[in-house]
Number of protein chains: 2
Amino acid sequence: MRISELAEATGVPVHTLKFYLREGVLMPGTATSRTRAEYGPEHVERVRLVRGLVEYGGVSVEGVRSIVRALESPPPSRPELLGVAHATLPAGPTRGEVSAEVAALVDDLGWQVWHEGPPVAELSSALEAARGAGVPVSPEALRRYARAMEAVAEVDVDVAAAAASPTEALHTVVVGTVMVDPVLVALRRMAQEAVSVARG
Amino acid sequence: MRISELAEATGVPVHTLKFYLREGVLMPGTATSRTRAEYGPEHVERVRLVRGLVEYGGVSVEGVRSIVRALESPPPSRPELLGVAHATLPAGPTRGEVSAEVAALVDDLGWQVWHEGPPVAELSSALEAARGAGVPVSPEALRRYARAMEAVAEVDVDVAAAAASPTEALHTVVVGTVMVDPVLVALRRMAQEAVSVARG
DNA sequence: CAGTTTGGACAGTGTCACTATCCGATGTCA
DNA sequence: TGACATCGGATAGTGACACTGTCCAAACTG
């Protein structure tokens, strides 16, 4: 298909597709002449991925570029997969050092995590910000939140393990981590309603 | 304290504080003369709230305005609290109708939720976006995610129930819902690592 | 072969969260 | 008292970002 048909198939204006091509988040089509190129279903898929990441994942175009680069590279081995995935994903704001409460939590839960990794720093900063905003998270509440997210991660790992190939597994982990976050946020709000009603 | 001292206490430039005053997200100090005003600890608190919501919650200044308006209004009764809170919070992107799978999920879990509420529409859209991005969420996975978020909501409701006054409860629910989201996201990434390692 | 479409270059737009500049009034300190 | 910094308030400018509009020549299309 030509660029105008790709635009029609995805609902994204031609101009925006050109922009994505320029920014390197959409791979070029196969040129049929100096001023003509052919696009296929993989381009449709890619455009939907880009839009999903930008609109729902809040990922910048530069972040998307780093993600699609990773998806196009030879996939890492199983144990390295998460490290690569988390290094690829755009990190939230981080400021201070890793707080003692996070170290205590990790220790308490028996989690084996990379203490210098982005998620640990992000958690410290997020807790600090919540405290500053007047909503301190008690150690007890934090523990219960962590247990719940462990259950989420169990699902994540199950889904990734079901992937047919390493390439697909990487795609599932990277894209799934970003795109499922808004799903969880919505579910949390719905669950708040449900629990609140159930408590009467 | 004067505006320059408020700036020093919060680490926010004076110019930005003036901007917040202009935008109505920071209440004016008590004027001591025509060109002088006095700020107190509640202003420090408010500034930290605004920064937290903007930086970590990804809330726009207009969204912050709606939130602080709600926090300053007479608090709603317990049963109305969540409705008011969710109506106040900035909604994620929503496009289509409520999908059948969401209705089925709610039915299956026995949740009593407002089907026309923002969270239900957001969930439908987020699921649709994930599908489009090549990471479909199976009904089984969705169910397990929902159960996990139910556990999160249990904590949320416990924390809110512990509030000393309706005003404080509203603050906890509104601000906590926004500020704890990034905490959960970070915990999810850490839990992914931990679970992945544990599975060996 | 007239008219449309394409790829490519390049600059412009709209939004948003600040940030800089001015101004006259007011504090502060020698 | 008077020099000088600071304050509030008003107005306008900045930089980042995700597009979006304009042009152009080449090349399809009917």
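Because only heavy atoms are used, hydrogens play no part in the values below, and waters and symmetry mates are left out as well, while side chains stay in. A, B, ... follow the sequence lines: proteins, then strands. Residue 1 opens every chain.
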Tell me which donor-acceptor pairs under 3.5 Å the side chains of residues 130-142 of chain B have, and how far apart each pair is, sequence neighbours excluded?
| from | atom 1 | to | atom 2 | distance (Å) |
| --- | --- | --- | --- | --- |
| B:R131 | NH2 | B:E101 | OE2 | 2.8 |
| B:S138 | OG | B:A141 | N | 3.0 |

Check: protein-nucleotides 14-16 of chain C nitrogen or oxygen pairs below 3.5 Å:
none

Test side chain to side chain contact (heavy atoms under 4.5 Å, CB included) on A:Y20 and A:R51 and set out the steps. CA-CA 10 Å; A:Y20 288 159; A:R51 300 238 42 139; 3.8 Å; yes
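- Between the A:S66 side chain and the A:T88 main chain, a donor and an acceptor come within less than 3.5 Å of each other.
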Which protein N or O atoms sit under 3.5 Å from an N or O of nucleotides 12-16 of chain D?
none

Polar atom pairs (N or O), protein with nucleotides 27-30 of chain C, under 3.5 Å:
| from | atom 1 | to | atom 2 | distance (Å) |
| --- | --- | --- | --- | --- |
| C:dG27 | OP1 | B:S33 | OG | 2.9 |
| C:dG27 | O4' | B:R36 | NH2 | 3.3 |

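- Using a 4.5 Å cut-off on side-chain heavy atoms (C-beta onward), B:R147 and B:L109 make contact.
- When all heavy atoms are compared, the tightest approach of A:Y39 to A:G29 is CE2-N, 3.4 Å.
- Non-hydrogen atoms lying under 4.0 Å from DNA chain D are contributed by B:Y39, all within residues 39-59 of chain B.
- Applying the salt bridge (charged side-chain N to carboxylate O under 4.0 Å, His left out) test to residues at least two apart or on different chains, the pairs with a partner in residues 71-91 of chain B are B:R46-B:E72.
- Counting all heavy atoms, side chain and backbone alike, A:V183 lies closest to B:A126 at CG2-CB, 3.7 Å.
- The CG-C1' distance, from A:L21 to D:dC19, rounds to 14 Å in whole Å.
- Remark: side-chain polar atoms of B:T16 are not paired, donor with acceptor, to backbone N or O of B:V12 under 3.5 angstrom.
- Residue pairs that meet the side chain to side chain donor-acceptor pair (under 3.5 Å) test with at least one member in residues 104-114 of chain B, sequence neighbours left out, are B:D108-B:R143, B:W111-B:E150.
- Summarising the geometry, the separation between CD1 on B:I3 and C1' on C:dT26 is reported as 15 Å, rounded to the nearest angstrom.
- For residues 8-19 of chain A, proximity to DNA chain C is found at A:K18, defined as any non-hydrogen atom under 4.0 angstrom from a strand atom.
- Summarising the geometry, the separation between OH on A:Y20 and P on C:dG8 is reported as 18 Å, rounded to the nearest angstrom.
- With sequence neighbours left out, the salt bridge (Lys or Arg N to Asp or Glu O under 4.0 Å) criterion links B:E8 to no other residue.
- Within the structure, salt bridge (charged side-chain N to carboxylate O under 4.0 Å, His left out) contacts touching residues 168-182 of chain A (residues at least two apart or in different chains) are A:D181-B:R188, A:D181-B:R189.
- The closest donor-acceptor contact from the side chain of B:H43 to the backbone of B:M27 lies under 3.5 Å.
- Residues forming a salt bridge (Lys or Arg N to Asp or Glu O under 4.0 Å) with B:E5 (at least two apart in sequence, or on another chain): B:R2.
- In summary, A:R199 and B:D158 engage in a salt bridge, as defined by a charged side-chain N under 4.0 Å from a carboxylate O.
- As a whole-Å value, the separation of A:E38 CD from D:dC28 C1' is 14 Å.
- A:L26 places its CG atom 13 Å from the P atom of D:dC19, with the value rounded to the nearest Å.
- Qualifying salt bridge (Lys or Arg N to Asp or Glu O under 4.0 Å) partners for B:E23, counting only residues two or more places apart in sequence or in other chains: B:R65.
- At a threshold of 4.0 angstrom between heavy atoms, the contacts of A:A37 are confined to the sugar-phosphate backbone, with no base atom among them.
- When side chains are defined from C-beta on, A:L49 counts as touching A:L71, because their heavy atoms get closer than 4.5 Å.
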